[in-house]
Amino acid sequence: MSKKPNRRRTAVVLTAAVAVWAPAGLAAAPAAHAEVVDVTYECATEIGDRGAVSPVDITAERKGDAYAITMTFDKGVSDSPVELPKGVMTPRADLVLGGDDQGTVQVKGVPNSAAVPAFTPIRIGTLTGTYTPEENGTVTFTAGVLTVHALGMDAAVCKPAGKPAPSLTLTVTGLPEDEPADTPAEEPADDEALPGGELPRTGGLSTTTALGTLGGTVLLGGVGGLLWLTRRTRPARP
């Protein structure tokens with residue numbers, strides 16, 4: 001005789017399995033998503049306009065509250081009419097931020113380690129920089145203007161054509177949240193306004209008012225004394 005399945009036990013086992021899997025699944029959620037994007041560059045150079053398509057890869061590695069950003073080009077984007085000796089060419093690029101942050105981050109490469117022959121595509125290689133977020137959120141990084149500095153000048157300035165897709169989507173977490181500023185408590189009014197908007201006069205009298213009051217008192221006192229003396233000195237009627 002076969003036993004009927006214990007539905008309650010099965011439900012408990014499934015619930016436990018989900019409870020065990022859920023934290024692991026959350027912990028495994030990627031903090032960054034990067035993909036290689038083909039970027040079409042339009043370059044203005046000393047020998048005329050040039051165009052090229054290069055796969056661009058952008059990655060991020062967290063270092064404390066900042067991120068080390070790496071941008072990699074798989075192909076050259078321009079060439080030179082003359083040979084570039086070793087160490088005279090340095091590339092740099094701007095990465096355009098999007099999502100929960102705005103602005104740009106600059107990444108820079110190292111000088112060329114070998115001479116670049118004339119009319120040979122200049123390989124950009126790897127550019128690095130630092131991104132320091134100010135708050136938690138999701139930030140995208142998109143290839144921006146690329147500049148090739150060579151022979152003491154910006155020999156090529158290359159702008160992405162159209163709107164390339166982001167090469168990196170970064171989820172920033174763990175930064176301290178901004179605490180709301182303390183709102184000062186409103187001080188209660190000492191007196192309520194009288195009809196007509198005039199406040200009642202409280203406290204001591206001003207110097208001018210006090211002197212005026214004192215003068216009035218003295219004046220009244222003098223008049224009163226004068227009247228009293230007048231009555232005393234008036235002769236009695238027969």
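In terms of modelled atom types and a separation under 3.5 Å, the side chain of Asp65 and the main chain of Thr132 share no donor-acceptor contact. Proximity of a side-chain donor or acceptor of Asp100 to a complementary backbone N or O of Thr138 within less than 3.5 Å is detected.
Across all their heavy atoms, Val172 and Pro133 have their closest contact at CG1-CG, 3.7 Å. Considering all non-hydrogen atoms of both residues, Lys63 and Ala68 come closest at CE-CB, 3.8 Å. Across all non-hydrogen atoms, the minimal contact from Thr171 to Tyr67 is O-OH, 4.0 Å. Listed here is the closest heavy atom pair of Ala118 and Pro81: CB-O, 3.5 Å. Residues Gly174 and Arg62 approach most closely at C-NH2, 4.3 Å, considering heavy atoms. Ile58 and Ala34 make their closest contact through O-CB, 3.3 Å (heavy atoms, listed as atom of the first residue, atom of the second, distance).
In this structure the side chain of Thr126 reaches within 4.5 angstrom of the side chain of Thr128, judged on heavy atoms. A 4.5 Å side-chain heavy-atom check between Met89 and Leu84 finds at least one atom pair inside the cut-off.
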CA sep, side-chain torsions, deciding dist, call: Val53, Val39, side chain to side chain contact (heavy atoms under 4.5 Å, CB included) | CA-CA 6 Å; Val53 178; Val39 179; over 6 Å; no

Derivation of the side chain to side chain contact (heavy atoms under 4.5 Å, CB included) call for Leu97 and Val105 | CA-CA 7 Å; Leu97 303 178; Val105 172; 3.9 Å; yes

Hey, mind stepping through Thr59 and Leu168 against side chain to side chain contact (heavy atoms under 4.5 Å, CB included) and telling me if it holds?
-> CA-CA 6 Å; Thr59 59; Leu168 172 66; 5.7 Å; no

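No chain of hydrophobic side-chain contacts below 4.5 Å, direct or via other Ile, Leu, Val, Met, Phe, Trp or Tyr residues, connects Val96 to Val157. Side-chain heavy atoms closer than 4.5 Å link hydrophobic residues (I, L, V, M, F, W, Y) into clusters, and following such links, even through other members, never connects Ile69 to Val145. Hydrophobic clustering (ILVMFWY, side-chain heavy atoms < 4.5 Å, transitive): Val36 and Leu146 are in distinct clusters. Under a hydrophobic-cluster definition in which Ile, Leu, Val, Met, Phe, Trp and Tyr are linked whenever side-chain heavy atoms come within less than 4.5 Å, directly or via other members, Val148 and Leu151 are assigned to the same cluster. Side-chain heavy atoms closer than 4.5 Å link hydrophobic residues (I, L, V, M, F, W, Y) into clusters, and following such links, even through other members, never connects Phe119 to Val116.
Distance check: Glu42 CD to Cys158 SG gives 10.0 Å after rounding to the nearest 0.5 Å. Glu135 contributes atom CD, which lies 7.0 Å from atom CG of Asp101 (distance to the nearest 0.5 angstrom). Summarising the geometry, atom OG belonging to Ser54 is positioned 8.0 Å from atom CD1 belonging to Ile124; distances are rounded to the nearest 0.5 Å. Asp94 CG to Met71 CE: the interatomic distance, rounded to the nearest 0.5 Å, is 9.5 Å. Annotation: the span from Leu127 atom CG to Thr72 atom OG1 amounts to 8.0 Å, rounded to 0.5 Å.
With sequence neighbours excluded, the residues that form a side-chain contact (heavy atoms from CB on, under 4.5 Å) with Arg92 are Gln106, Lys108, Thr147, His149, Asp154.
Ring pair Tyr41/Phe73 is tilted by interplanar angle, where 30° to 60° counts as tilted.
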